[in-house]
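Quick notes on the structure that follows.
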Amino acid sequence: MFCKNCGNEITNGTFCPKCGTDNSSGTSTFGGTTTPYGTPVTPVPTPKKKNNLTMLISLVAILVVVVLLICLVGNALRQGNGSAKSAVKQYYKAFEKQSASKLLDCVPNDILSDIKDEYDLSNGELKDAVEDYLDDYYDDYYDDVDKIKIDITKVKKYGDSKLDDFIEEIDEDDGDAFDYDKFEPDKIKAASTVKYDYEVYTDDEDDDGEGSEIAFKYGGRWYCYSAVSDVLVAAYWY
């Protein structure tokens with residue numbers, strides 16, 4: 001027999017030795033189940049409710065982290081790249097696609113803003129200028145380019161003295177219309193000469209050779225210096 005009040009087992013008599021309750025007749029409710037006195041009862045556990053709010057907050061937090069990572073990766077791909085090699089390859093990819101947007105993405109944003117201010121151009125006008133530049137370039141050199149293949153053969157990093165010379169050179173203004181003196185020297189953290197072999201595939205004939213570009217790390221990302229020159233020339237002639 002089990003006590004109707006506390007559930008303690010009673011081996012002798014009807015009084016509970018634990019709480020003193022008389023269990024001589026009637027029924028008991030213990031653990032959510034009603035049974036005649038004296039019948040063993042197994043307590044029924046109360047099911048735990050899932051915290052839907054906590055789960056929802058966790059899912060939202062995970063989604064936010066994923067979106068931020070996508071944005072960071074996308075921005076890294078758009079704004080130059082993480083190495084001198086990739087910056088040069090991105091530059092030639094813009095020419096392969098004949099894409100003004102891709103070429104503009106090869107130039108730091110603050111320098112683009114300075115160029116627009118220098119020549120009083122809107123975003124759309126600067127893009128039109130670069131499109132005209134690309135059209136003229138292909139009219140002069142290639143027609144119907146299918147692919148430009150770049151194989152990097154050597155990357156030579158500038159030492160401190162050569163880096164200082166590079167910064168000083170691009171920061172000068174000697175009156176030439178194509179000189180650009182609006183780089184912020186403190187943002188240039190490194191520079192390298194990138195040598196490469198190239199192959200240009202067209203509908204009519206293929207061309208190959210070798211060349212080199214200067215890549216520089218500006219504000220934490222790598223850019224091809226020729227991209228700045230191209231956009232500057234495009235803005236000047238627009």
* Output yes when a side-chain donor or acceptor of Glu125 lies under 3.5 Å from a complementary backbone atom of Ser122, and no otherwise. => yes

* Structure fact -> Residue set satisfying side chain to side chain contact (heavy atoms under 4.5 Å, CB included) with Ala234, at least two apart, ordered chain then number -> Ala129, Val130, Tyr133

* Residues that Ser212 engages under side chain to side chain contact (heavy atoms under 4.5 Å, CB included), provided they are two or more places apart -> Thr193, Lys195

* Could you check if a side-chain atom of Ile111 sits within less than 4.5 angstrom of a side-chain atom of Tyr223, using non-hydrogen atoms only? => no

* Could you pull out all residues at least two apart from Lys187 that satisfy side chain to side chain contact (heavy atoms under 4.5 Å, CB included)? => Asp110, Glu184, Tyr218

* **Side chain proximity check, Leu232 to Tyr119, heavy atoms < 4.5 angstrom** => yes

* Asked: Just how far is it from atom OG of Ser99 to atom CG of Asp105, taken to the nearest 0.5 Å?
  -> 7.5 Å

* To do: Could you grab the distance from atom CD of Gln98 to atom CD1 of Ile148, nearest 0.5 Å is fine?
  => 8.5 Å

* Could you give the distance from CG (Asp164) to NZ (Lys162), rounded to the nearest 0.5 Å? -> 12.5 Å

* **Qualifying salt bridge (charged side-chain N to carboxylate O under 4.0 Å, His left out) pairs, either residue in residues 82-95, two or more places apart** => Lys93-Glu96

* Structure fact -> Interatomic distance, OH@Tyr198 vs CG@Asp151, rounded to 0.5 Å, equals 13.0 Å

* **Parallel, tilted or perpendicular: rings of Tyr225 and Phe166 (30°, 60°)** => perpendicular

* How would you list, by chain and number, every residue that makes a side chain to side chain donor-acceptor pair (under 3.5 Å) with Asn123, sequence neighbours excluded? -> Lys116

* Asked: Does atom CG of Asp160 have more than 12 heavy-atom neighbours, drawn from other residues, nucleotides or ligands, at distances under 6.0 Å?
  -> no

* **Counterpart residues, side chain to side chain donor-acceptor pair (under 3.5 Å), relative to Ser226 (two or more places apart)** => Glu213

* Asked: Between Tyr92 and Tyr196, is the gap from one ring center to the other below 6.0 Å?
  -> yes

* Judged by modelled atom types alone, do Tyr91 and Asp230 share a side-chain donor-acceptor pair under 3.5 Å? -> yes

* Asked: Who are the side chain to side chain donor-acceptor pair (under 3.5 Å) partners of Lys127, not counting sequence neighbours?
  -> Ser101

* Asked: What residues form a side chain to side chain donor-acceptor pair (under 3.5 Å) with Glu199, not counting sequence neighbours?
  -> Tyr201

* Asked: Between Ala190 and Trp222, which heavy-atom pair has the shortest distance, and what is it?
  -> CB-CH2, 3.9 Å

* Structure fact -> For Asp128, the side chain to side chain contact (heavy atoms under 4.5 Å, CB included) test, sequence neighbours excluded, returns Glu131, Tyr238

* To do: For Leu134 and Ala100, work out which heavy atoms get closest and say how close.
  => CD1-N, 3.7 Å

* Residue pair Ala94 / Leu103: nearest heavy atoms and the distance that separates them -> CB-N, 3.5 Å

* Verify side-chain contact (heavy atoms from CB on, under 4.5 Å) between Leu121 and Ile115, making sure each step is shown before the conclusion. => CA-CA 8 Å; Leu121 299 175; Ile115 293 174; 5.6 Å; no

* **Contacts of Lys217 that satisfy salt bridge (Lys or Arg N to Asp or Glu O under 4.0 Å) - sequence neighbours left out** => none

* Asked: Do Leu112 and Leu126 have side-chain heavy atoms sitting under 4.5 Å apart?
  -> yes

